[in-house]
Amino acid sequence: MSMPFYVAPEQVMKDRADYARKGIARGRALIGIRFEDGILIVAENTSNTLRQVSEIYDRIAFAGVGRYSEFEQLRIAGVRHADLKGYSFSREDVDARSLANAYAQILNQVFTHEIKPLEVEILVAEVVTPDGGSADQLFHILYDGTVMDENKYSVLGGEADAITDRIEATWREGLGLEDGIRSAVAALAGDDRTLTADDLEVAILSRSNGRRAFTRIEEDRLASIVRAQSVTNDQ
């Protein structure tokens, strides 16, 4: 009788983590950043049809990096979760924290029990109303279900450490929308590249928009902001 093949649990977890990280690193990065009127999300995305940033519910946005088909399935599951909770209880009961916890359970379950982990990192963001009495929220959920509650900004995807260093140097409290976009674009591009509006997907959760806080920054407006940044850098 042959002996069963044995691999230490620690080695299995390490191999799965390495596999997931390599898959995520091959994708393009995104930044979620607090600005004066809410939360700004800037993703490096050249596709006109495949969205990395989407609305989940009234004041909640979703963003993902890594394998598109996998984080799109998570987005759809999040929309259904939010709709069901809002219908069963009330719209005010749907919040980013409970959604992030639900995503963490799914990712952890797959990571620990399936052969192949999900090659994704996701961001769940929520903007509060002016009289909400709490702060805006950014939850960064890793491939293994680890949840990180970010205060100022969150960086997902490849080269996250370098991008974090660059955004740290330019972020400040009360940052305006256009300055926030310029800071995020500069952090994503670094010193060796130039990103245009065609390379970007940008959306905001804005308190001033009312109940439906999610809005995309359209290409014409985004192009003018990015062009102004390029002119400033050339000078």
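Remark: Lys152 NZ to Thr164 OG1 distance equals 11.0 Å, nearest 0.5 Å. The CG atom of Leu156 sits 5.0 Å away from atom CG of Leu30, with the distance rounded to the nearest 0.5 Å. Atom-to-atom distance recorded for Asp179:CG and Arg172:CZ is 5.0 Å, nearest 0.5 angstrom. We find the CD1-NE2 distance between Ile56 and His81 to be 10.0 Å, quoted to the nearest 0.5 Å. Interatomic distance, CG of Leu40 versus CZ of Phe35, reported as 6.5 Å (0.5 Å rounding). Atoms CD and CD1, from Glu126 and Ile60 in turn, are 4.5 Å apart once rounded to the nearest 0.5 Å.
Looking at Glu119, Arg21, Glu121 one by one, the single match for side-chain hydrogen bond (donor to acceptor under 3.5 Å, both in side chains) with Tyr143 turns out to be Arg21. Partner Glu150 forms a side-chain contact (heavy atoms from CB on, under 4.5 Å) with one of Val155, Leu138, Leu123 and no other, that one being Leu138.
Electrostatic pairing of Arg212 and Glu55 counts as a salt bridge here, judged by a charged N lying under 4.0 Å from a carboxylate O. Taking 4.0 Å as the cut-off between side-chain N and carboxylate O, Asp18 and Lys22 do not count as a salt-bridged pair. Under a 4.0 Å N-O distance rule, the pair Arg166/Asp191 does not qualify as a salt bridge. Residues Arg216 and Glu201 are paired through a salt bridge, judged by an N-O separation under 4.0 Å between the basic side chain and the carboxylate. Ion pairing of Glu178 with Arg182 is present here, as a side-chain N (NZ or NE/NH1/NH2) and a carboxylate O approach within less than 4.0 Å.
Looking at heavy atoms from C-beta onward, Val120 lies in side-chain contact with Leu107 at the 4.5 angstrom threshold. Within the 4.5 Å cutoff, no side-chain heavy atoms of Lys85 are placed close to those of Leu99.
Using a 4.5 Å cut-off between side-chain heavy atoms of Ile, Leu, Val, Met, Phe, Trp and Tyr, with links allowed through other members, Val65 and Val147 fall into different hydrophobic clusters. Hydrophobic cluster membership differs between Leu142 and Phe71, with clusters built from Ile, Leu, Val, Met, Phe, Trp and Tyr side chains linked at under 4.5 angstrom. Residues Leu200 and Ile204 share a single hydrophobic cluster, defined by chaining ILVMFWY side chains whose heavy atoms lie under 4.5 Å apart. A continuous path of Ile, Leu, Val, Met, Phe, Trp and Tyr side chains, each step under 4.5 Å between heavy atoms, connects Val226 with Ile167, placing both in one hydrophobic cluster. Cluster membership check: Ile106 shares its hydrophobic cluster with Phe62, using side-chain heavy-atom separations under 4.5 Å among Ile, Leu, Val, Met, Phe, Trp and Tyr.
Side chain of Glu36 to main chain of Leu175: no donor-acceptor pair is present (N/O by atom type, distance under 3.5 Å, no hydrogens or angles). The main-chain N or O of Leu50 is found under 3.5 Å from a side-chain atom of Asn45 such that the two form a donor-acceptor pair. The closest donor-acceptor contact from the side chain of Arg28 to the backbone of Gly157 lies at 3.5 Å or more, if one exists at all. Between the side chain of Arg91 and the backbone N or O of Tyr57, no donor-acceptor pair lies under 3.5 Å. Checking side-chain atoms of Asp144 against main-chain N and O of Asn108 turns up no donor-acceptor pair under 3.5 Å. Between the side chain of Tyr19 and the backbone N or O of Pro117 there is no donor-acceptor pair closer than 3.5 Å. Although no hydrogens or angles enter the test, the distance criterion places a donor-acceptor pair under 3.5 Å between the side chain of Arg16 and the main chain of Phe111. With Arg34 contributing its side chain and Asn151 its backbone, the two residues share a donor-acceptor pair below 3.5 Å.
Side-chain contact check for Ser98 and Asn101: no donor-acceptor pair (N or O, by modelled atom type) lies under 3.5 Å. Side-chain N/O atoms of Asp199 and Thr196 include a donor and acceptor closer than 3.5 Å. Under 3.5 Å, the side chains of Gln11 and Asp15 contain a donor-acceptor pair of N or O atoms.
When all heavy atoms of Val124 and Ala96 are compared, the closest pair comes out as CG1-CB, 3.8 Å. In terms of heavy-atom proximity, Leu188 sits nearest to Ala43 at CD1-C, 4.5 Å. Of all the heavy atoms in Gly145 and Ala104, the pair that sits closest is O-CB, 3.2 Å. Between Ala82 and Val94, the closest heavy-atom pair is O-CG2, 3.5 Å. Residues Ile163 and Ala29 approach most closely at CD1-CB, 3.6 Å, considering heavy atoms. Ala135 and Val128 get closest at one heavy-atom pair: O-CG1, 3.6 Å.
Atom NZ of Lys116 has more than 12 neighbouring heavy atoms from other residues, nucleotides or ligands inside a 6.0 Å radius. By the 6.0 Å contact criterion, CD on Glu159 is open, its count of non-hydrogen atoms from other residues, nucleotides or ligands being 12 or less.
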